[in-house]
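Note sheet for the following structure.
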Amino acid sequence: MASTEKLERGIRIAIDRGGTFTDCVGNPGTGKMEDDILIKLLSEDPSNYDDAPLEGIRRLLSKFTGREIPRGEPLDTSKIESIRMGTTVATNALLERKGQDIAMVVTKGFRDCLEIGNQSRRNIFDLAIRKPDVLYKIVVEIDERVTLEDYAEDPERNETPADTTDKAGNSAELVKGLSGETIRILKRPVEITIKEQLKEVYDQGFRSIAVCLMHGYTFPQHEALVGKIAREIGFEHVSLSHELMPMIKLVPRATSACADAYLTPAIKKYIKGFEAGFEGGLGTESVKRERGAKGARCEFMQSDGGLVDVDIFSGLRAILSGPAGGVVGYALTSYDPETQIPVIGFDMGGTSTDVSRYGSGRYDHVFETTTAGVTIQSPQLDINTVAAGGGSRLFWRNGLFVVGPESASAHPGPACYRKGGPLAITDANLFLGRLLPDFFPKIFGEKENEGLDASASENLFKELAEEINKDVAGTDKSKEMSIDEIAYGFIKIANETMTRPIRSLTEARGHDTSKHRLATFGGAGGQHAVAIAEALGITQILVHRYSSVLSAYGMALADVVDERQEPESKVWSDEGDVRKYLQDKMQDLKQRSVETLKDQGFTEDKIEFEEYLNMRYRGTESALMIIRPDKDEAENKYKGDQWAFGKAFVKQHEQEFGFTLPDRDIIIDDVRARGIGKTFEGLEKTVDRQLKDIKPQDLGRGEKEYGRRQVYFEGGRQDTPIYKLEDLDTGDRIKGPAILADGTQTIVVTPGASASLIDTHVVISIGEVSGQDKKINTTEVDPIMLSIFAHRFMAIAEQMGRALQKTSVSTNVKERLDYSCALFDSNGGLVANAPHLPVHLGSMSTCVQRQASIWKGKLKRGDVLVSNHPMYGGTHLPDITVITPAFSGEKIVFYVASRAHHADIGGILPGSMPPHSRELFQEGAAIKSEKLVSEGHFNEKRITELLFHEPAQWPGCSGTRCLADNLNDLKAQIAANQKGINLISTLIEEYGEEVVQFYMHNIQDNAELSVKNLLKSVSKRFEGRDLSAVDYMDDGSPIKLKITIDGEKGEAAFDFSGTGPEVYANINAPEAVTFSAIIYCLRALISEDIPLNQGCLTPIRIIIPPRSFLSPSDKAAVVGGNVLTSQRVTDVVLKAFQACAASQGDCNNLTFGFGGNLEGEKEVKGFGYYETIAGGSGAGETWEGTNGVHTHMTNTRITDAEVFERRYPVILREFSLRKGSGGNGMHKGGDGVVRDIEFRIPVQASILSERRVYHPYGLAGGEDAECGLNIWVRKVPKSKGSDENVKNAEDGVNGLPQEQDLSKDSETEEYRHVNLGGKNTASMQAGERIIVMTPGGGGWGTPGQESAASKQQWKDPKHWWRQGSVASRQAEAEASA
């Protein structure tokens, strides 16, 4: 380490204040590892000290100065060169919702933007939908508005010229924004009004506000005005979104501003108290003020892995402050710049397991991530919580071993913590001898002086073993499992649970896990590292000597960082003005960074830069943050061009997504400079250099051993030597089985692995996994193997999904993730389906079963089938299914399939979702059963005929309007299927075909058992009575259902006799849709994770009357069946079970656009847009309905308001909750939303919706919710005398949102509100609007009754998980129907 100041080297202190422990690393100034002093103390110990970091510094200073400093004496800073800290103050304030009371200031029409969020729900099967609480207490709407003048989807690519505000003047309507885009100012804010609004908030006691106005990222003037007024009034903290993170997207930017306003006061308060413990100040300013004698530099770790001066540390950037230190710690100590082997960081502590990756000598950052339910925009290290750590609880559920996500947390902790806690992974490790009580801190028991209680773990395992053996073995003692086998089973399931997201993290970025090292740290990491590495194909594990205090050590090694970023909108060009303009912009950002870092004492030779452009292809939203190539990379790959950003983008796009789009422009969204004040000069010797230099000495039996004990490994307990880490020397090599331990960590070396000691690390090498694969029995089901195969099958479906997303081209698949991938047995029965879309759950197997029977005995290796026809297991035509058989020898052993929503497949309207189709041909190409690939040959000619030529032969119809996208996505589906087949082949190689087939069928039996148990309990609840329900589509068509349950057998008949006939419209639903709805409802009612497969439907007999609209003919229109009727079937099933009141029962499908290629007419270039809109969810016996959320069969995200206006010629006038639209009751139904869109050019707009006539029902005395309403605000010629009537008429229109003075009548024209009904299409002119008011959810229980349930606070076990890129991908995948 090198100091940045030419002072004599002073004491350097680095501290990580974690949830349980505070770790301190001190160095007297030599920078040598052997002179470091390490201290670990409890973060909370009020009887001894008020503040753990201050106490740690006191103890370190006492040791370095040789004088015991009494508690309470201000600490002398003159001996301290620097203090570096990571803190959980911000994270805890966020988790516990204990930040400052704040007000949010937002543009009029968007008061509920954060409550609605992106409208998706986190758990698709949870009927009691719960959204995280918003951080603000009140909202202030400012009457101001700007929009972007041009739109990205414009086929003409028009660009309106404008000057910057300085040149254009303050009254100009058009000005150039920071991003270079032209801004139209629609309404300027009135200063006096803002002053009155903010004064009122101030008088209510608020002192911190967050300000986020529409398009403030590029036009910050209105936000700045609000900020100026607020400061003048006296607000102590004002967070302006454009200052924090000037990136497009209203919702994440507003959340970020709120998080900053909410957390920064808490941080400032903490820092003030911390500084009070020192004589002399802390931070750069204090050093200047005291001329270096008394002041000490003090920096805090930010979420991006860089340090920042204490004076400018803010709440928004503090959320990952602690974990970031750990990433820096392993990155700088485990990565070798010469060999460049990338590293996966595995940090397993008591309450969470975090995973991250470091490669190419730089950190992986993400710019939008969720922590504690709050999605924020700010550069953060990509840290993913994948499990609840050692505290992960253990369960036996529905015949499966389940680990987490619930946690025993720090209090009461696992059973062995002596606080009466539940069984957790720590207990399993302790019971199996993998955790040594001798080496664990003695901090338990009443007096906090006892060790771990092994007997408590053992007793609970005995109880659990009894329960498991009762279910598994019954009275047959020979089938019973030992407690060892059960405890070890849980360890194996925990490892399986953790490896799935680690694969996701690496493979999603185009990396191979087996080409990494695993760096493990945290208290529990060493007990699982070898098993995790083996599962990932990793052969080398690095455990740093300081692994238990690595976060603190990372702070000591980290650099000081200054980030600058500005929005942009230029199209990349390798030549000319664009490059010069961007270089100037980058230089300006760098210069500002240099000033800040110089201010903190860095000289120019210590300042380095990482320069980035955030780039994407036109028409996509998958932006990549591209770093400027370094000198070597430029020489080797880009002919010496160090500004080859365009070529670097194409290369990275190819690596991450598997394709490029050479004919599309590359757009630059942001310019970013990361200024780095270097304080770390690199290790004296890297890991690889040390490994080269040491001469390993194998230790003999008894040599340096601390003791021996019986430890359980695969197959049984083995006599295992134990070594104290401090007794071992560099060069010692120990062959497994062995345990290495010290006071802070336990490292388990399994048989077949070996551990070598070097100066800085313990290096574990994993040999070939020895031939201990025991023959797996295929006559009896082993519940541990069953649980593992449940994970493995699901992982195959997930990895197929990732392959499809990566290689697809269309927005629908790549960004909206409107697809599903699944695995089927040789008969087409569903085995595993990644939970993407509820509506695909049961319907895909209908399709695969039909195709399997059609092609029986005719398929060869390399054949791939394609189908989308409703009579052949399809849902609606845009969903195309691609099916690939997998062979073993000559026989088919299983199938894999992928279904994706294609944006267009022809028909009468662009988007292939016409609201008024009457016949199937009007909806586009219908493929019954075709070979897409024959023995490896892609039949492009035939599929082009089917998609492009055949649909255009029907009257008024066009072929597909995006054939290239269709073909590319079909190829991506074929590739995803091939990925699935390769993974299954690997599984068969590992376990043998017989074992895989055996568990494939048993996993279906397991789901069958879960459904049978559900039906038995329902039968009991209803005392054996039949269940029945009826509900209606808006055209009056009834859906009738009678459910007859056999309570003894746990079987049921779902009889839809009495349902209405086929309809001459498009709400007919293929039978597969009803199957999907039933599977979804059963899974939602079971309310526990069970494998979703064919077994769910085995105990169910489904009777659908032929020729009804739930079993239509092969020519009937069905586009509404998938998106509307599916919701009504769900309503009817849940009503029969009396599960909850009706949700909005609708998807509110809105499409608009222009252009197309009708036969005989000239093709018009245009665009198309499709969205589904949230509503209210139904209340239940123990929960309130939720406002503004997608329910049941859909879960798509809504396009962010700012992105919406950037891409399309629209102004979003309002997107808010429709107050009072939820049904009243003891538990109130959720409110629907109001979405008010003004079009700026003529477009064709269509709405396909339901619940505009029949109300969503209430239950158990709860009231019905309001119906939806679709209004066209239409320009018509002014009629005589209409001026006097118009005000009265508008007042009388029921349920319309308040007018916002938007559509003003002129001399000759006036605006009329026209009801469009539920399904309609209209040619709308510029200035006209569509207002969609969605239905609410029904209420539960008689209004006025008090509910005991509503007082209970529900906590999501994953609420506090750090959610990096893996979680956001998973959330996207679940938000995509």
Side-chain angles (χ1 to χ4, degrees), residues 164-166 176-181 216-221 223-224 240-249 253 256 260 284 302-309 312-314 316-317 362-363 365-368 377-380 559-573 577-616 623-631 634 641-646 648-649 666-678:
T164 57
T165 314
D166 317 345
K176 197 169 275 310
L178 294 178
S179 59
E181 292 160 298
Y217 69 96
T218 182
F219 184 80
Q221 285 86 331
E223 274 191 17
L240 304 178
S241 79
H242 73 273
E243 290 179 353
L244 293 164
M245 198 67 197
M247 279 178 100
I248 189 168
K249 284 194 185 176
R253 208 174 64 251
S256 303
D260 191 69
T284 307
Q302 299 190 113
S303 304
D304 64 358
L307 295 160
V308 67
D309 190 77
I312 49 176
F313 187 47
S314 81
L316 179 64
R317 303 223 161 164
R362 56 179 174 267
Y363 301 107
H365 284 121
V366 283
F367 291 83
E368 200 176 296
Q377 241 181 3
S378 170
Q380 305 193 35
D559 294 318
V560 176
V561 165
D562 182 75
E563 281 258 5
R564 305 273 160 172
Q565 185 168 319
E566 280 195 1
E568 191 41 73
S569 61
K570 286 265 185 288
V571 174
W572 171 261
S573 161
D577 299 345
V578 172
R579 183 187 273 232
K580 174 80 176 71
Y581 165 83
L582 290 168
Q583 285 171 334
D584 290 347
K585 193 163 187 170
M586 186 72 82
Q587 197 49 45
D588 175 52
L589 293 177
K590 284 165 68 175
Q591 199 45 51
R592 285 188 262 160
S593 258
V594 168
E595 297 307 317
T596 305
L597 290 168
K598 275 184 169 173
D599 213 31
Q600 294 180 46
F602 289 90
T603 51
E604 286 213 21
D605 61 322
K606 291 285 179 197
I607 298 175
E608 291 179 4
F609 280 97
E610 287 175 3
E611 300 170 42
Y612 296 89
L613 295 181
N614 198 22
M615 309 171 90
R616 63 183 167 87
L624 296 173
M625 192 63 80
I626 303 298
I627 191 166
R628 180 179 155 183
D630 61 27
K631 202 172 177 188
D641 178 6
Q642 274 191 267
W643 251 73
F645 275 105
F649 167 77
I666 298 170
I667 309 285
I668 296 142
D669 277 343
D670 302 276
V671 181
R672 172 184 169 219
R674 184 174 166 86
I676 301 167
K678 297 297 284 183

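Excluded from the calculations below are hydrogen atoms, water molecules and symmetry mates; all remaining heavy atoms, backbone and side chain alike, are included.
Atoms CZ and CG, from Arg362 and Asp630 in turn, are 7.5 Å apart once rounded to the nearest 0.5 Å. Atom CD1 in Ile607 sits 5.0 Å away from atom CG in Leu597 (nearest 0.5 Å). The distance from atom OG1 of Thr218 to atom NE2 of His242, rounded to the nearest 0.5 Å, is 11.5 Å. In this structure, OG1 in Thr596 is found 6.5 Å from CD1 in Ile312, a value given to the nearest 0.5 Å. Atom-to-atom distance recorded for Thr603:OG1 and Lys606:NZ is 6.5 Å, nearest 0.5 angstrom. For the atom pair OG (Ser256) and CG (Leu244), the distance works out to 7.5 Å, reported to the nearest 0.5 Å.
Inspection of the Asn614 and Asp669 side chains reveals no N or O donor paired with an N or O acceptor under 3.5 Å. Between the side chains of Gln591 and Glu595, at least one donor-acceptor pair of N or O atoms lies under 3.5 Å.
In this structure Phe313 satisfies the ring pair (Phe, Tyr, Trp, His ring centres under 6.0 Å) test together with Phe300, sequence neighbours excluded. Scanning for salt bridge (charged side-chain N to carboxylate O under 4.0 Å, His left out) contacts around Lys176 gives an empty result, with sequence neighbours left out. Leu589 is linked by a side chain to side chain contact (heavy atoms under 4.5 Å, CB included) to Arg564, Glu566, Arg592, Val671, Ala673, counting only residues two or more places apart in sequence or in another chain.
At least one side-chain heavy atom of Leu582 sits less than 4.5 Å from a side-chain heavy atom of Val578. Under the 4.5 Å side-chain criterion, counting only non-hydrogen atoms from C-beta, Ile667 is in contact with Val571. In this structure, the side chains of Glu368 and Met247 stay at 4.5 Å or more apart for every pair of heavy atoms. Two residues are said to be in side-chain contact when any heavy atoms from C-beta on lie closer than 4.5 Å; Gln600 and Leu307 fail this criterion. Met245 places a side-chain heavy atom less than 4.5 Å from the side chain of Phe367. Side-chain atoms of Arg672 and His365, non-hydrogen and from C-beta on, do get closer than 4.5 Å to each other. Taking the side chain as every heavy atom from C-beta outward, Tyr217 and Leu178 never approach each other to under 4.5 Å. With contacts defined as side-chain heavy-atom distances shorter than 4.5 Å, the pair Ser593/Arg674 does not qualify.
Relative ring orientation between Trp643 and Trp572 is described as parallel, the plane-to-plane angle staying below 30° on a 0-90° scale split at 30° and 60°.
For the side-chain contact (heavy atoms from CB on, under 4.5 Å) with Arg628, the lone residue among Gln642, Glu610, Met586 that qualifies is Gln642.
Taking a cutoff of 4.0 Å between a charged side-chain nitrogen and a carboxylate oxygen, Asp641 and Arg579 qualify as a salt bridge. A salt bridge between Arg317 and Glu563 is absent, with no side-chain N of the basic residue lying under 4.0 Å from a carboxylate O of the acidic one.
Between Asp559 and Lys678 the shortest heavy-atom distance is OD2-NZ, 3.1 Å.
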| request: Take Phe609 and Val594 through the side-chain contact (heavy atoms from CB on, under 4.5 Å) test and state the conclusion after the steps. | output: CA-CA 10 Å; Phe609 280 97; Val594 168; 3.6 Å; yes
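More than 12 heavy atoms of other residues, nucleotides or ligands sit less than 6.0 Å from atom CG of Asp605. The number of heavy-atom neighbours closer than 6.0 Å to NZ of Lys570, taken from other residues, nucleotides and ligands shown, is above 12.
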